[in-house]
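The structure under discussion appears below in the form of structure tokens.
Values below: every heavy atom of this structure, side chains too, minus hydrogens, waters and symmetry copies.
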Amino acid sequence: MENILKRSSFHDIYFHNGKERSSFVVHEETGSGEGKMVCFDVAPGIQITYNDLNMGSCYRPIIPKHDFLQIDHCLEGCYECESADGTVTFLGEGDLSVGSLYKGKQAIIGSNIPLKKYKGITVLFEMEKAQKAISENFKQADINLVKIRDMLCSNGTLLLVKSKREIDHIFGELYSVDKRIQSPYFWIKTIELLLFLSLLDGTAMQKPQHFSEDISQRTQKVYQYIIENPFDVKTITDLSEEFGIAESSLKRCFKSIAGKSIGTFIKVKRIEAAAEMLKTEPHLNIGEIAYAAGYENQSKFSAAFKSVKGITPQAYRYKYA
């Protein structure tokens with residue numbers, strides 16, 4: 001029988017009260033928005049959480065009472081973490097991160113959701129309890145959580161794994177699992193994930209890029225500017241000069257936040273704004289909309305539009321206007 005418990009603080013997922021439950025909901029509302037986590041206990045010490053956060057931050061200081069291994073997959077949006085040394089790292093769309101939390105130690109001193117949108121899955125292992133459950137139920141798998149932690153993210157470091165076919169397969173199915181088979185399916189996927197991590201080699205792994213808080217904040221301002229001014233014809237060089245950030249730093253940090261290059265992002269937002277005009281401005285012909293969007297002729301606009309939307313502007317207007 002499903003047991004839904006409502007809680008008010010996200011960091012409670014790290015502090016199990018020991019009561020039997022199959023699932024619970026954690027909800028939080030702040031001045032920057034709201035978010036929800038739907039958590040499922042897979043087995044003692046193993047938890048899968050679906051995160052849907054539409055807020056600027058949900059940070060709470062966490063000093064865990066036990067050792068944890070935490071695996072996060074980002075489906076949409078971006079998550080920003082600040083370490084004790086003042087550097088900032090990002091988990092972007094399609095990324096998988098593997099991190100460790102140690103008993104009595106605070107590894108993260110701050111976090112934000114730059115785009116005020118983050119959807120993803122967290123698989124959390126309380127090391128001692130989870131190892132016992134895995135050893136008792138899947139002895140043949142020979143999974144050693146301490147070995148995986150020490151190989152991938154020892155001493156509290158964070159490992160980032162860029163999108164791979166295996167990752168897409170594991171998590172793609174977790175996002176769409178039928179509720180009728182959730183309980184056994186979570187077990188199977190947990191073991192599949194751990195086996196995948198135990199076989200990782202250097203070609204898939206990388207240390208996450210680190211950025212200063214200043215670069216992070218300036219890049220987020222550029223991101224917001226593009227959102228609010230999609231038809232602006234400023235170049236990347238213009239934006240870097242206007243917001244006081246080196247062009248190379250802007251490009252690297254922007255891709256970490258948005259999951260795509262700044263050039264691609266500008267193109268997509270420009271086309272999305274033009275698509276809205278095609279629906280809401282029937283008195284404007286396609287050539288006029290192309291000019292408003294910054295394209296020198298209708299042919300180039302149509303090619304760009306089709307590369308983003310999959311159909312021509314004419315077909316789009318016919319379909320949605």
More than 12 foreign heavy atoms under 6.0 Å from [atom1] of [X]: is that the case here?
| X | atom1 | answer |
| --- | --- | --- |
| Lys260 | NZ | yes |
| Lys189 | NZ | yes |
| Gln131 | CD | yes |

Where is the tightest heavy-atom contact between [X] and [Y], given as atom of each residue plus distance?
| X | Y | value |
| --- | --- | --- |
| Val177 | Gln182 | CG1-CG, 4.1 Å |
| Ala273 | Pro230 | CB-CG, 3.6 Å |
| Ala292 | Met277 | CB-CE, 4.4 Å |
| Gln47 | Thr49 | NE2-OG1, 3.6 Å |
| Leu69 | Cys153 | CD1-SG, 3.8 Å |
| Cys253 | Phe90 | SG-CE1, 3.8 Å |

To the nearest 0.5 Å, what is the distance between [atom1] on [X] and [atom2] on [Y]?
| X | Y | atom1 | atom2 | result |
| --- | --- | --- | --- | --- |
| Ile245 | Leu250 | CD1 | CG | 5.0 Å |
| Leu101 | Lys65 | CG | NZ | 14.5 Å |
| Gln70 | Ser100 | CD | OG | 10.0 Å |
| Ile143 | Ser198 | CD1 | OG | 6.5 Å |
| Ile289 | Leu284 | CD1 | CG | 5.5 Å |
| Glu247 | Asp238 | CD | CG | 9.5 Å |

Verify whether the ring centers belonging to [X] and [Y] lie closer than 6.0 Å.
| X | Y | value |
| --- | --- | --- |
| Phe301 | Tyr291 | no |
| Phe305 | Tyr316 | yes |
| Tyr102 | Phe68 | no |
| Phe196 | His169 | no |

For [Y], is there any backbone N or O sitting under 3.5 Å from a side-chain donor or acceptor partner on [X]?
| X | Y | result |
| --- | --- | --- |
| Glu29 | Glu34 | no |
| Thr190 | Ile46 | no |
| Arg270 | Asp232 | yes |
| Tyr295 | Ser302 | no |
| Asp41 | Ala43 | no |
| Ser307 | Ala304 | yes |
| Asp67 | Lys103 | yes |
| Thr280 | Glu276 | yes |
| Gln217 | Asp214 | no |
| Ser216 | Ser212 | no |

Ring pair (Phe, Tyr, Trp, His ring centres under 6.0 Å) between Phe125 and His66, intermediate numbers included:
CA-CA 10 Å; Phe125 300 89; His66 307 277; over 10 Å; no
Is there a side chain to side chain contact (heavy atoms under 4.5 Å, CB included) between Thr219 and Phe211 once you walk through the steps?
CA-CA 10 Å; Thr219 302; Phe211 303 96; over 6 Å; no
What's the verdict on side chain to side chain donor-acceptor pair (under 3.5 Å) for Asn51 and Thr122, showing C-alpha distance, side-chain angles and the deciding distance?
CA-CA 7 Å; Asn51 309 293; Thr122 298; 3.1 Å; yes
Evaluate the side chain to side chain donor-acceptor pair (under 3.5 Å) criterion for residues Glu228 and Gln224: first the C-alpha distance (whole Å), next the side-chain angles of each, then the deciding distance (0.1 Å), finally the verdict.
CA-CA 6 Å; Glu228 294 173 358; Gln224 195 60 38; 3.2 Å; yes
Apply ring pair (Phe, Tyr, Trp, His ring centres under 6.0 Å) to residues Phe265 and Tyr223 and explain how you reach the verdict.
CA-CA 9 Å; Phe265 187 81; Tyr223 177 95; 4.8 Å; yes
Steps toward side chain to side chain contact (heavy atoms under 4.5 Å, CB included) verdict (Asp52, Val38)
CA-CA 9 Å; Asp52 187 0; Val38 182; over 6 Å; no
Run the numbers on Leu197 and Leu96 for side chain to side chain contact (heavy atoms under 4.5 Å, CB included), then give the verdict.
CA-CA 11 Å; Leu197 292 176; Leu96 179 76; 4.2 Å; yes
